[in-house]
Amino acid sequence: QVQLVESGGGLVQAGGSLRLSCAASGRTFSTYAMGWFRQAPGKEREFVAAISWSGGTTYYADSVKGRFTISRDNAKNTVYLQMNSLKPEDTAVYYCNGAPGVVAGQLVRIYKNFEVWGQGTLVTVSS
């Protein structure tokens with residue numbers, strides 16, 4: 001199975017930027033549609049962005065459209081989330097995850113069925 005390790009979180013002021021990285025160790029990473037998800041304190045985990053196995057198709061939650069960009073480098077087994085114009089409501093623990101054999105858009109609906117999640121990386125945006 002693919003093992004995922006998130007990094008790049010930190011404390012930033014509103015309007016600032018961060019780039020998160022998700023490093024994978026599995027042999028079949030390049031066949032996975034991947035996504036970023038986040039969980040704010042006291043809230044349920046929510047979808048943020050998704051990308052197809054080839055990187056050719058992306059999807060974003062309405063709350064982050066125009067501000068966040070998801071990308072991947074299959075040669076490095078890594079998926080990224082560039083976050084710009086950060087807002088206090090972006091504060092959350094950010095996780096990456098994915099699945100093989102599905103189109104990127106399906107992650108929006110099936111991620112709640114994922115049983116295994118990594119440690120995530122904490123993003124805190126101050127006002």
Side-chain angles (χ1 to χ4, degrees):
Q1 295 183 348
V2 173
Q3 185 175 39
L4 306 168
V5 179
E6 301 92 341
S7 63
L11 174 63
V12 298
Q13 292 187 325
S17 299
L18 283 174
R19 188 175 78 153
L20 307 184
S21 296
C22 172
S25 61
R27 300 175 182 174
T28 58
F29 169 79
S30 62
T31 70
Y32 277 55
M34 296 294 298
W36 283 97
F37 312 84
R38 67 187 182 187
Q39 187 168 24
K43 303 293 184 180
E44 293 185 341
R45 201 191 320 266
E46 66 177 351
F47 166 79
V48 175
I51 188 168
S52 62
W53 70 268
S54 67
T57 304
T58 58
Y59 295 88
Y60 299 93
D62 288 341
S63 60
V64 306
K65 286 181 179 177
R67 300 188 298 120
F68 291 9
T69 302
I70 187 171
S71 62
R72 68 191 297 164
D73 186 340
N74 288 343
K76 296 181 178 180
N77 278 13
T78 303
V79 61
Y80 306 95
L81 185 68
Q82 178 66 47
M83 306 185 295
N84 299 325
S85 301
L86 284 163
K87 304 175 180 179
E89 50 262 46
D90 294 318
T91 295
V93 176
Y94 284 70
Y95 303 87
C96 63
N97 216 327
V102 300
V103 297
Q106 284 297 114
L107 292 181
V108 178
R109 290 176 286 278
I110 71 173
Y111 76 93
K112 293 183 178 180
N113 296 324
F114 292 165
E115 296 182 355
V116 180
W117 297 84
Q119 291 292 108
T121 185
L122 177 63
V123 172
T124 302
V125 184
S126 62
S127 60

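- Residues near Leu11 contribute nothing to a hydrophobic cluster around it, because no ILVMFWY side-chain heavy atom sits closer than 4.5 Å to its side chain.
- Considering only residues two or more places apart in sequence or on other chains, Lys65 meets the salt bridge (charged side-chain N to carboxylate O under 4.0 Å, His left out) condition with Asp62.
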For this session: Check step by step if side-chain contact (heavy atoms from CB on, under 4.5 Å) holds for Phe68 and Asp90.
Result: CA-CA 11 Å; Phe68 291 9; Asp90 294 318; 3.9 Å; yes
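- Atom OG of residue Ser21 and atom OH of residue Tyr94 lie 14.5 Å apart, to the nearest 0.5 angstrom.
- Looking at residues two or more places apart in sequence or on another chain, you find a salt bridge (charged side-chain N to carboxylate O under 4.0 Å, His left out) between Glu46 and Arg38.
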Atom pairs and distances, donor-acceptor, side-chain atoms in residues 77-85, under 3.5 Å, two or more places apart:
residue, atom, partner, partner atom, Å
Asn77, ND2, Gly26, O, 3.4
Thr78, OG1, Lys76, O, 2.9
Gln82, NE2, Asn84, OD1, 3.0
Asn84, OD1, Ser17, OG, 2.9

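- Of the possible donor and acceptor atoms, one in the side chain of Asn97 sits under 3.5 Å from a partner among the backbone N and O of Val116.
- Through direct or indirect side-chain contacts shorter than 4.5 Å among Ile, Leu, Val, Met, Phe, Trp and Tyr, Trp53 is connected to no other residue.
- The salt bridge (charged side-chain N to carboxylate O under 4.0 Å, His left out) test applied to Arg19 returns no partner, not counting sequence neighbours.
- Of the possible donor and acceptor atoms, one in the side chain of Tyr60 sits under 3.5 Å from a partner among the backbone N and O of Ile70.
- Distance check: Trp36 CH2 to Thr121 OG1 gives 7.5 Å after rounding to the nearest 0.5 Å.
- In terms of heavy atoms, Ser52 sits closest to Gly56 at OG-N, 3.1 Å.
- Residue pairs meeting the disulfide (SG to SG under 2.5 Å) criterion with at least one partner in residues 33-85, sequence neighbours excluded, are absent.
- By the criterion of side-chain heavy atoms lying less than 4.5 angstrom apart, applied directly or through intervening Ile, Leu, Val, Met, Phe, Trp or Tyr residues, Phe29 is not grouped with Trp117; the two fall into different hydrophobic clusters.
- Between Ala104 and Ala50, the closest heavy-atom pair is O-CB, 3.7 Å.
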Problem set entry | Ile51 vs Tyr32, side-chain contact (heavy atoms from CB on, under 4.5 Å): CA-CA, chis, key distance, verdict | CA-CA 9 Å; Ile51 188 168; Tyr32 277 55; over 6 Å; no
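- Closest approach of Tyr59 and Gly105 over heavy atoms only: CE1-N, 3.4 Å.
- In this structure, Val48 is not a member of the same hydrophobic cluster as Ile110, with clusters built from ILVMFWY side-chain heavy atoms closer than 4.5 Å.
- Among residues at least two apart or in separate chains, disulfide (SG to SG under 2.5 Å) pairs with a member in residues 94-127 are Cys22-Cys96.
- Evaluation of the ring-ring contact (aromatic ring centres under 6.0 Å, His included) rule for Tyr111 yields Phe37 as partners, not counting sequence neighbours.
- In the hydrophobic clustering, where aliphatic and aromatic side chains (Ile, Leu, Val, Met, Phe, Trp, Tyr) are joined below 4.5 Å either directly or transitively, Val5 stands alone.
- Taken from OG in Ser127 to NZ in Lys87, the straight-line distance is 14.0 Å, to the nearest 0.5 Å.
- When atom types are taken as modelled, the side chain of Thr91 and the backbone of Val125 share a donor-acceptor pair closer than 3.5 angstrom.
- Val103 belongs to no multi-residue hydrophobic cluster, having no ILVMFWY side-chain contact under 4.5 Å with any other such residue.
- Residues passing the salt bridge (charged side-chain N to carboxylate O under 4.0 Å, His left out) test with Arg72: none are found, sequence neighbours excluded.
- The heavy-atom pair separating Val93 from Gln119 by the smallest distance is CG1-O, 4.0 Å.
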